[in-house]
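What you see below is based on every heavy atom in this structure, not just the backbone, and it leaves out hydrogens, waters and symmetry mates. Remember, it's 1-based here, ligands and their atoms both numbered in the order they're listed. Just so it is clear, the structure is predicted and the values come from calculations on it, not from any experiment. Just so you know, residue 1 is the first one in the sequence shown, and it goes up from there.
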Amino acid sequence: MTAETALVVATYSRRMRLLLPDGRRVDARIKGKRIQPVCGDRVEAEPIADEPDWLITSVRERRNQLTRPNLRGKVEVLAANIDRLLVMAAPAPAPDWSIVDRYLCAAELIDASAAIVFNKIDLPANECVDDVLEDYTRIGYLTVRCSAKTGRNIDAVAELLRDGISIIVGQSGVGKSSLINGLLQDDRQRVAAISDKRGEGRHTTVNSAMLELPDGGAVIDSPGVRDYAPALQPREVVVGYREIATAGLDCRFANCRHLREPGCAVKGAVEKGAISTRRYDSYRHLLALTSKLTDAQY
Ligand code: GDP
Ligand code: ZN
């Protein structure tokens, strides 16, 4: 019996379900208290003699991780090795595009690709939605319009998610759960309870699970991921708006925040219409929020 590199596909507090290279799924526990694998992690694991369980002995270095501060102010890792953030908006609840921008910022920072899904196209939308989506396309984000309710264009979303590991984020009520159910078709995966090692109880609460999509790709889902709101630092905002970061390379000052500095290439680009005013305003707003700027600075 030898050690294997496995993928963590579900977590239940300190117990995990692993996908082994040969396609088998096994339950596992963790060696020691120092390591805490999450969904998406690659781990080294070995079988335990005379037991069905495997033992996770180490976690491979992560390409990236999705984090949030928990109630005790510590950083909690929600998922690891994410290839893509799918950011959702809809006509209802009324889209708050600055929230979409925040998620896009978070995706840039963890070097995940990002795409925007505008759901509920069976409902009437405000006409400025077209312009906003067009702006996102112009700066290189893929956008798809769909309806999780009618199934319209769900195949295009499935296509977007075909490779790698994705997470789906967006305001509450935009249709994330409905979309995931639609993508899974009738194949809603039940994550079986992991039995306790002594058999005296069952850990039925899934912290997070990786759902394999019928057309390829996987989505990591958990209440934490669904409620995820990125905590950003001012310097992260400056690099997270991709078109602003690119234009900012030509500013007179390397540490330009693109507010009132002289020789600011970003402001020039906004005036010429090369950067959307809405995105620039969203940037300034988020920068002010994260750095608590005074009115004079802002
Ligand atoms: P979540 O909070 O983002 O997970 O959103 P839900 O999936 O729970 O959906 C919120 C509400 O929007 C529910 O009442 C859904 O039935 C509804 N909904 C989801 N997708 C669509 C859609 O494409 N069209 C319409 N009209 N309603 C939808
Ligand atoms: Zn500048």
Side-chain angles (χ1 to χ4, degrees), residues 78 85-96 99-100 102-103 115-126 129 133 143-158 160-161 166-185 188 206 208-209 211 219-229 234-235 237-272 274-277 279-284 286-288 291 293 297-298:
L78 296 169
L85 253 68
L86 204 67
V87 187
M88 282 181 79
D96 181 341
I99 294 182
V100 172
R102 268 184 212 215
Y103 286 123
I116 297 150
V117 169
F118 192 74
N119 186 37
K120 308 197 191 183
I121 53 169
D122 55 297
L123 300 179
N126 188 307
V129 166
L133 292 179
T143 59
V144 174
R145 296 159 205 249
C146 70
S147 170
K149 187 175 173 184
T150 67
R152 180 118 184 262
N153 252 354
I154 293 298
D155 48 347
V157 180
L160 264 183
L161 299 177
S166 303
I167 59 162
I168 301 183
V169 294
Q171 279 168 272
S172 177
V174 294
K176 298 182 291 294
S177 319
S178 309
L179 180 72
I180 290 173
N181 285 331
L183 288 165
L184 292 173
Q185 299 158 8
R188 179 86 210 177
V206 183
S208 67
L211 306 169
V219 171
I220 296 179
D221 193 30
S222 75
V225 167
R226 258 178 265 155
D227 294 347
Y228 168 67
R235 63 179 178 284
V237 176
V238 177
V239 297
Y241 281 69
R242 57 163 64 155
E243 77 283 35
I244 291 179
T246 305
L249 296 173
D250 294 328
C251 294
R252 185 180 307 162
F253 302 112
N255 62 352
C256 186
R257 287 178 309 170
H258 326 306
L259 298 174
R260 290 162 172 258
E261 296 90 339
C264 174
V266 169
K267 272 190 294 184
V270 174
E271 277 154 27
K272 280 190 298 190
I275 288 177
S276 106
T277 310
R279 280 273 290 177
Y280 179 59
D281 289 345
S282 153
Y283 162 81
R284 286 172 57 213
L286 188 53
L287 191 62
S291 49
L293 294 179
Q297 290 170 303
Y298 181 58

Query raised in the report: For ligand 1, which atoms, with element, lie under 4.0 Å from some heavy atom of Ser172?
Result: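 Reading through ligand 1 atom by atom, the close ones are 2 (O).
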**Report entry** Leu123 neighbourhood, listing ligand 1 atoms whose heavy-atom distance to it stays under 4.0 Å
**Finding:**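 Answer for ligand 1: 26 (N).
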How far is [atom] from the closest protein heavy atom, and which atom is that?
{"atom": "atom 5 (O) of ligand 1", "answer": "Gly175 N, 3.0 Å"}
{"atom": "atom 4 (O) of ligand 1", "answer": "Ser177 OG, 2.6 Å"}
{"atom": "atom 20 (N) of ligand 1", "answer": "Asn119 ND2, 3.2 Å"}
{"atom": "atom 26 (N) of ligand 1", "answer": "Asp122 OD2, 2.8 Å"}
{"atom": "atom 2 (O) of ligand 1", "answer": "Gly173 N, 2.8 Å"}
{"atom": "atom 27 (N) of ligand 1", "answer": "Lys120 CD, 3.8 Å"}
{"atom": "atom 15 (C) of ligand 1", "answer": "Ser178 OG, 3.8 Å"}

Report task. Using the six-membered ring wherever Trp is involved, compare the ring planes of His258 and Tyr283 and label them parallel, tilted or perpendicular (cut-offs 30° and 60°). Result ->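 Tilted.
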Query raised in the report: Can you check whether Cys146 has an N/O within less than 3.5 Å of an N/O in ligand 1?
Result: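 Among all N and O atoms of Cys146, none is under 3.5 Å from an N or O of ligand 1.
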Query raised in the report: Hey, is ligand 1 close enough to Ala148 that some N/O pair sits below 3.5 Å?
Result: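 N/O-N/O distance under 3.5 Å: yes.
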**Report entry** Shortest non-hydrogen contact from Ala92 toward Lys120
**Finding:**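 That closest heavy-atom pairing would be O-NZ, 2.9 Å.
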Report task. Look only at the side chain of Asn153 and the backbone of Arg145, and say whether a donor-acceptor pair between them is shorter than 3.5 Å. Result ->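 Side chain of Asn153 to backbone of Arg145: a pair is present.
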4.5 Å side-chain heavy-atom contact, [X] and [Y]:
{"X": "Asp221", "Y": "Ile168", "answer": "no"}
{"X": "Asn119", "Y": "Val174", "answer": "no"}
{"X": "Phe118", "Y": "Pro91", "answer": "yes"}

Query raised in the report: Would you say atom 7 (O) of ligand 1 has a protein heavy atom nearer than 4.0 Å?
Result: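 Within 4.0 Å: yes, protein heavy atom nearby.
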Query raised in the report: Sorted by chain and residue number, which protein N/O/S atoms are under 2.8 Å from the Zn ion (ligand 2)?
Result: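 Listed by chain and number, the nearby protein N, O or S atoms are Cys251 SG, Cys256 SG, His258 ND1, Cys264 SG.
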